[in-house]
Amino acid sequence: MKVDQFETANLSVRPDWSAYATAYDLLSEHNPEYQALLQGFEAFLTTIEMPRLIYDIGGGTGNYTEIAARACPNSEVCLVEPDAGMLAAARSKLATFRNIKYDSSTLEDFDAPEAADLVICVHSLYAMPGQEQRLGDLRRLLRPGGLLYLIDLGRYMNVTDWRSYLFSNLKKELGLAGALRVFWQGREIAKQNNAILKAQKKGVYWTHTEAEIALAVAAAGFEILKQEPVYRGYSDLLICRATP
Ligand SMILES: C[S@@+](CC[C@H](N)C(=O)[O-])C[C@H]1O[C@@H](n2cnc3c(N)ncnc32)[C@H](O)[C@@H]1O
């Protein structure tokens with residue numbers, strides 16, 4: 001889909017990220033798969049040379065920024081997030097960190113002051129217009145040899161499947177009454193996940209197989225160091241190096 005077509009279609013089916021922001025961390029805290037992704041990222045940081053400059057693109061409420069800022073206290077982390085609700089949630093949560101900057105641009109409009117050593121882009125690429133160009137943008141944000149930590153939702157968001165997965169985990173953790181309470185508090189998430197599915201089905205949001213994302217990433221100028229399906233097979237994790 002071309003960018004102008006995306007923009008027209010996008011207006012009608014696009015999820016409301018600000019509405020999502022209100023309950024995002026509540027359900028993320030109780031989602032073992034989300035927590036596993038965060039732990040994987042934290043473990044990854046221990047395996048690389050300390051990055052000096054890090055961009056977290058589509059960083060949402062700042063969960064990856066927080067890990068990066070804590071694990072790399074001498075690095076500068078810039079959270080790039082266009083949604084006002086998400087950005088406000090991140091700012092208040094991360095207020096005590098002195099090594100975080102905030103930018104409200106989209107990736108396509110982000111005017112990066114300098115090339116980064118590490119770019120994080122988790123579960124946001126699929127929601128952007130023109131993935132080929134966006135992967136090119138991610139490449140340009142990095143110095144040659146810099147690393148891209150990319151996780152992207154590739155398959156249809158099966159809302160019923162996720163609901164029963166989350167509910168059975170919550171019931172184990174909090175009992176039936178606790179699970180019902182969290183589900184009620186987090187009901188906005190189910191609504192927004194339905195909007196994501198709708199956008200995927202209309203082709204407004206990108207879906208891909210493992211092979212398709214690997215091809216797109218390589219075409220944008222990355223060497224893939226590691227790739228695996230994550231998030232119950234719905235998403236792909238790719239750790240990539242920017243080729244010169
Ligand atoms: C599902 S959230 C992921 C947030 C965070 N990365 C995480 O994993 O917790 C997707 C985010 O992508 C952001 N986003 C959507 N379109 C974008 C664009 N064109 N450029 C940058 N971010 C975008 C949304 O505002 C939203 O906060």
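In listed order, ligands and their atoms are each counted from 1. Counting begins at 1 with the first residue of the sequence. All values below come from the heavy atoms of this structure, side chains included, with hydrogens, waters and symmetry mates left out.
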Sorted by first residue and then second, give each salt bridge (charged side-chain N to carboxylate O under 4.0 Å, His left out) pair with at least one member in residues 18-36; sequence neighbours left out. Asp25-Lys93
If only side-chain N and O atoms count, and only distance matters, is there a donor-acceptor pair under 3.5 Å linking His30 with Asn169? no
Do any N or O atoms from the side chain of Ser124 and from the backbone of Cys121 form a donor-acceptor pair under 3.5 angstrom? no
Does the Lys NZ or Arg CZ of Arg187 fall within the cation-pi geometry relative to Trp184 - under 6.0 Å from the ring centre and within 45° of the axis? yes
Using distance alone, determine whether Pro129 and ligand 1 share an N or O pair under 3.5 Å. no
Which bit of Arg134 is near ligand 1, meaning a heavy atom under 4.0 Å away: side chain, backbone, both or neither? neither
Are any of the N/O atoms in Val80 less than 3.5 Å from those in ligand 1? no
Report the part of Tyr34 in contact with ligand 1, treating N, CA, C, O as backbone and CB onward as side chain, heavy atoms under 4.0 Å; options are side chain, backbone, both, neither. side chain
Please list, in number order, the atoms of ligand 1 under 4.0 Å from a heavy atom of Glu108. 18 (C), 19 (N), 20 (N)
Decide whether a cation-pi geometry holds between Arg91 and Tyr102; the criteria are a distance under 6.0 Å from NZ or CZ to the six-membered ring centre and an angle within 45° of the ring axis. yes
Heavy-atom distance to atom 22 (N) of ligand 1: which of Pro82, Gly62, Gly85, Ala90 wins? Pro82
Would you check the N or O atoms of Tyr24, main chain and side chain alike, for any that come under 3.5 Å of an N or O of ligand 1? yes
